[in-house]
Amino acid sequence: MPLRHRAAIAERRNGAKMLRFLFSPNGRVSRADYWLRWLIPSALAPIVVSAVDAALGARYLTPVWVLVSFWPNIAITAKRYHDRGMSGWWTLWSVLITLVPLFLVYSGTEALITGAVVSAWLSTWIGLYGAFWAIFAFTLIVYFLPGERCANRFGPDPRKPKPPRKPKIDPAVEFPGPWTQLTRTGLPEPDTPAHTRRRPPRSR
């Protein structure tokens, strides 16, 4: 097969893998791939899009980016939960559990404006406390915790297998020298006649 055909086949395979990575919620994504292939680029993309919008004097690129990145964000996050052995539905639960405390904060702020000070302060405090721990828990799971180091019900381990450990070698064996000639003094050698000679039978 010519080299250019091999290169074209490799490009098609890489493109299919990238599309599967972005749009398919099936399978698993390792922590390194999530950071390097999605989280960092998706964090830098809005800055670039906003700069292009400002340069062109337009405001349509930012909403387009939000719509384009909506499903890949859900799909890749679901695969990150799969890597932890958790269901992909935790992506939806993480959004809902985070929005409920934020709704309490919003309702408490509205009540403060209308004058209900005690209940507003309590609901705002509970909302902020719950939102903090919800965001912290799901951020810890998705961003920082490693996946299961084996195949699970969602697929094989996306990380490369660890190379087998080399057996430990005794330095005295690896670097032979006079220090390896350790003999037990005071005992006959195995091949000496004193060790192999049989004793005469005892007389009764």
Side-chain angles (χ1 to χ4, degrees), residues 14-53 61-112 118-165:
N14 293 334
K17 288 181 180 179
M18 192 62 188
L19 291 176
R20 196 180 307 114
F21 172 79
L22 291 175
F23 297 103
S24 176
N26 301 321
R28 299 168 58 179
V29 169
S30 64
R31 181 177 47 178
D33 284 344
Y34 184 77
W35 275 88
L36 298 177
R37 298 176 62 186
W38 173 249
L39 190 60
I40 295 177
S42 64
L44 296 177
I47 301 175
V48 177
V49 170
S50 300
V52 173
D53 267 346
L61 290 181
T62 301
V64 168
W65 164 250
V66 172
L67 292 176
V68 169
S69 63
F70 177 74
W71 175 251
N73 191 18
I74 294 177
I76 297 172
T77 305
K79 287 185 284 191
R80 188 71 191 96
Y81 279 112
H82 290 172
D83 193 40
R84 291 285 304 159
M86 303 168 64
S87 173
W89 288 105
W90 276 101
T91 306
L92 178 60
W93 283 114
S94 61
V95 175
L96 293 178
I97 293 174
T98 306
L99 289 180
V100 169
L102 293 179
F103 175 76
L104 291 176
V105 173
Y106 175 76
S107 63
T109 305
E110 290 292 325
L112 279 175
V118 177
S119 61
W121 178 85
L122 184 61
S123 61
T124 303
W125 185 85
I126 293 174
L128 289 174
Y129 187 80
F132 170 77
W133 284 110
I135 294 172
F136 175 77
F138 291 108
T139 301
L140 181 67
I141 293 172
V142 176
Y143 293 169
F144 299 105
L145 293 183
E148 294 182 337
R149 194 61 184 177
C150 58
N152 58 18
R153 58 193 176 109
F154 301 105
D157 188 358
R159 294 172 292 183
K160 296 180 180 179
K162 290 184 178 180
R165 294 183 178 180

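In this structure, the side chains of R159 and P146 come closer than 4.5 Å at one or more pairs of heavy atoms. Side-chain atoms of W38 and S69, non-hydrogen and from C-beta on, do get closer than 4.5 Å to each other. Considering only heavy atoms from C-beta on, I141 comes within 4.5 Å of M86 through its side chain. With a 4.5 Å cut-off on side-chain heavy atoms, P25 and I74 do not count as touching. Residues W35 and Y143 are in side-chain contact: their nearest non-hydrogen atoms beyond the backbone lie under 4.5 Å apart. N152 places a side-chain heavy atom less than 4.5 Å from the side chain of R28. Counting heavy atoms from C-beta on, the side chains of T62 and V49 come closer than 4.5 Å. Counting heavy atoms from C-beta on, the side chains of F154 and N26 never come closer than 4.5 Å.
We find the NZ-CG distance between K79 and L22 to be 7.5 Å, quoted to the nearest 0.5 Å. Here the CZ-CG distance, from R80 to D33, works out to 9.5 Å after rounding to the nearest 0.5 Å. Here the CG-CG distance, from N73 to L39, works out to 9.0 Å after rounding to the nearest 0.5 Å. Atom OG of S30 sits about 8.5 Å away from atom CZ of R37, to the nearest 0.5 Å.
In terms of heavy atoms, P158 sits closest to V29 at CG-C, 4.1 Å. Nearest heavy atoms, W65 versus A45: CZ2-CB, 3.5 Å. Here the closest heavy-atom approach between residue D83 and residue R31 is recorded as OD2-N, 4.3 Å.
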**Report entry** Derivation and outcome, side chain to side chain contact (heavy atoms under 4.5 Å, CB included), residues T77 and Y34
**Finding:** CA-CA 8 Å; T77 305; Y34 184 77; 3.8 Å; yes
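Applying the 6.0 Å contact sphere to CH2 of W90 captures no more than 12 heavy atoms from other residues, nucleotides or ligands.
Looking at residues two or more places apart in sequence or on another chain, you find no ring pair (Phe, Tyr, Trp, His ring centres under 6.0 Å) involving F70.
Under the 3.5 Å distance criterion, the side-chain polar atoms of S94 are matched with a main-chain donor or acceptor of T91.
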